[in-house]
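Throughout, protein chains are lettered first and strands after them, A, B, ... in sequence-line order, and every chain is numbered starting at 1.
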2 protein chains.
Amino acid sequence: MLTKKNIVVIPEPTLRRLPHYLHLLLNLKEQGVKSVSSTFIANELGLDSTQVRKDVQYTNIIGKPKTGFDVNSLINAIQTCLNWNRYENAFLIGAGSLGTAMLGYKQFKDYGLNFVAAFDNDPEKVGQKIHGIEVLSIDRLPVLAQLMKIHLAVLTVPAKAAQECVDIMLKGGIVAIWNFAPMQIKVPQNVIVENAQFSQSLAVLTRKLSVYKQTLL
Amino acid sequence: MLTKKNIVVIPEPTLRRLPHYLHLLLNLKEQGVKSVSSTFIANELGLDSTQVRKDVQYTNIIGKPKTGFDVNSLINAIQTCLNWNRYENAFLIGAGSLGTAMLGYKQFKDYGLNFVAAFDNDPEKVGQKIHGIEVLSIDRLPVLAQLMKIHLAVLTVPAKAAQECVDIMLKGGIVAIWNFAPMQIKVPQNVIVENAQFSQSLAVLTRKLSVYKQTLL
DNA sequence: GCTGTATTGATAAAATATTATCGATACAAA
DNA sequence: TTTGTATCGATAATATTTTATCAATACAGC
């Protein structure tokens, strides 16, 4: 397999499917199911069974003919792949409505994400606590990021504030940004940006709906 | 090109990039820029210029050598592609924190999305107004969806409530679902589902970050 | 009007991702 | 035991997506 210093490169489409597998597997585990076949997973998630097997191979889990894959092992393997078996401390930038919602989103614990502080430039918000997490002034971000060794930040600010916030984050040594701001941010080559704008996903949906409606005519 | 009853099928990766183009173009327009080259767009967004040209071709816009593409035409063409030049009325299901954030998200107007009502099963919430949109009891959804001819619904409920809500939505004739619930929902073949779980996007990010940290060792 | 050049758009090549095929294997039932 | 079968995992085939190449073209400067 292609590797980067011996680390397997998992294709992005596979990475996007892994959480679906994980969720299904956790459900099965709860129901006491011990092993599961690629066919079953494929049916449940509307995928091809060959694809499921291929995806599973990236986790280094090997199955047994006639039986399938061990549910527990697969859960662990996926969590390890995604680094979801440990907590990554993160900052949240932008305590607006989306930011607030994210701070309150319990599920992130299952995804290895742990918010340790939020930042905003609105004096009204600074000093408040949202879902138990303190909102600090954005000026303090660089120092705190370095002090607390934070590498990941979630950006939930309006478009026009985004780049300015990014620059502040970079000063603090942030190396990975989960970008919800509706714009493209500029970062040095080595910084990881994952865009999670609603618009991306919505574009796919509205196009399909539009095509669907047109085919009805 | 491949067509479905003469409608061009735009690849999903292209659809996901179109909103980025659109955003950049709107910025350029505001700055008074009249035309733009594929090279410029590619540089701004960190893409390949050939890819930009290929994507633009799907919008049926043709450019001029040495000049590039007309900004206004391209904006219109992308909006038309995505059906963002008209409003699609939509229901929101699940008035929790994410749902609330979405109801207040002004940008959706630019994406052709218009929330006309929200639904929840919590009696505390029913009757309230969130960002000017009334929260109704989920029981009333099927009748109202048909009456108001709503085809699109945004699902922001917890995992365990999701499938139940979906079944109710289907009764009302909903044909497109934007699913934020952290689970795979089951729908008939002809119903469009776009999964927008945070986990998908986060998986890509946490994996990359994990690999990045490992390569530093 | 001629010449140089940036850019398009078409075509081809490469890379990536998905789907199909099939022998090998482990379990279940006779 | 033996036989039948569900399932894996490897390989091959297909489809899709991205990237490269290059002739054709419109504008700018001389």
Do A/Asn190 and A/Val175 make a side-chain contact, defined as non-hydrogen atoms from C-beta onward lying under 4.5 Å apart?
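No, side chains not in contact.
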Just by distance, no angles: are the side chains of A/Gln51 and A/Asp55 close enough, under 3.5 Å, to form a donor-acceptor pair?
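Their side chains do not contain a donor-acceptor pair, so the 3.5 Å distance test is not met.
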Whole-Å distance separating the [atom1] atom of [X] from the [atom2] atom of [N]:
X       : N      : atom1 : atom2 : result
A/Leu47 : C/dA17 : CG    : C1'   : 13 Å
B/Ile41 : C/dT7  : CD1   : C1'   : 13 Å
A/Glu12 : C/dT16 : CD    : C1'   : 12 Å
A/Gln51 : C/dT21 : CD    : C1'   : 17 Å
B/Asp70 : C/dT7  : CG    : P     : 16 Å
A/Asp55 : C/dA17 : CG    : C1'   : 10 Å

Which parts of residues 13-32 of chain B get close to DNA chain D, meaning a heavy atom less than 4.0 angstrom away?
B/Pro13, B/Arg17
For the residue pair A/Phe180 and A/Phe198, categorise the inter-ring angle as parallel (less than 30°), tilted (30 to 60°) or perpendicular (more than 60°).
perpendicular
Heavy-atom protein contacts under 4.0 Å, nucleotides 2-12 of chain D, coded B base, S sugar-phosphate only, - none
--BBBBSBS-B
May I have the list of side-chain donor-acceptor pairs in residues 22-34 of chain A shorter than 3.5 Å, sequence neighbours left out?
from    : atom 1 : to       : atom 2 : distance (Å)
A/His23 : NE2    : B/Pro182 : O      : 2.9
A/Lys29 : NZ     : A/Asn72  : OD1    : 3.1

A/Arg207/B/Glu194 ion pair, N-O < 4.0 Å
no
Electrostatic pair A/Lys213-B/Glu88, nearest N-O below 4.0 angstrom
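Counted as a salt bridge, because a side-chain N and a carboxylate O are separated by less than 4.0 Å.
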A/His20 NE2 to B/Gln200 CD distance, which is reported to the nearest 0.5 Å:
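Rounded to the nearest 0.5 Å, the NE2-CD separation comes out at 4.0 Å.
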With A/Tyr58, the side chain to side chain contact (heavy atoms under 4.5 Å, CB included) member among A/Leu18, A/Leu15, A/Ile10, A/Ile78:
A/Ile10
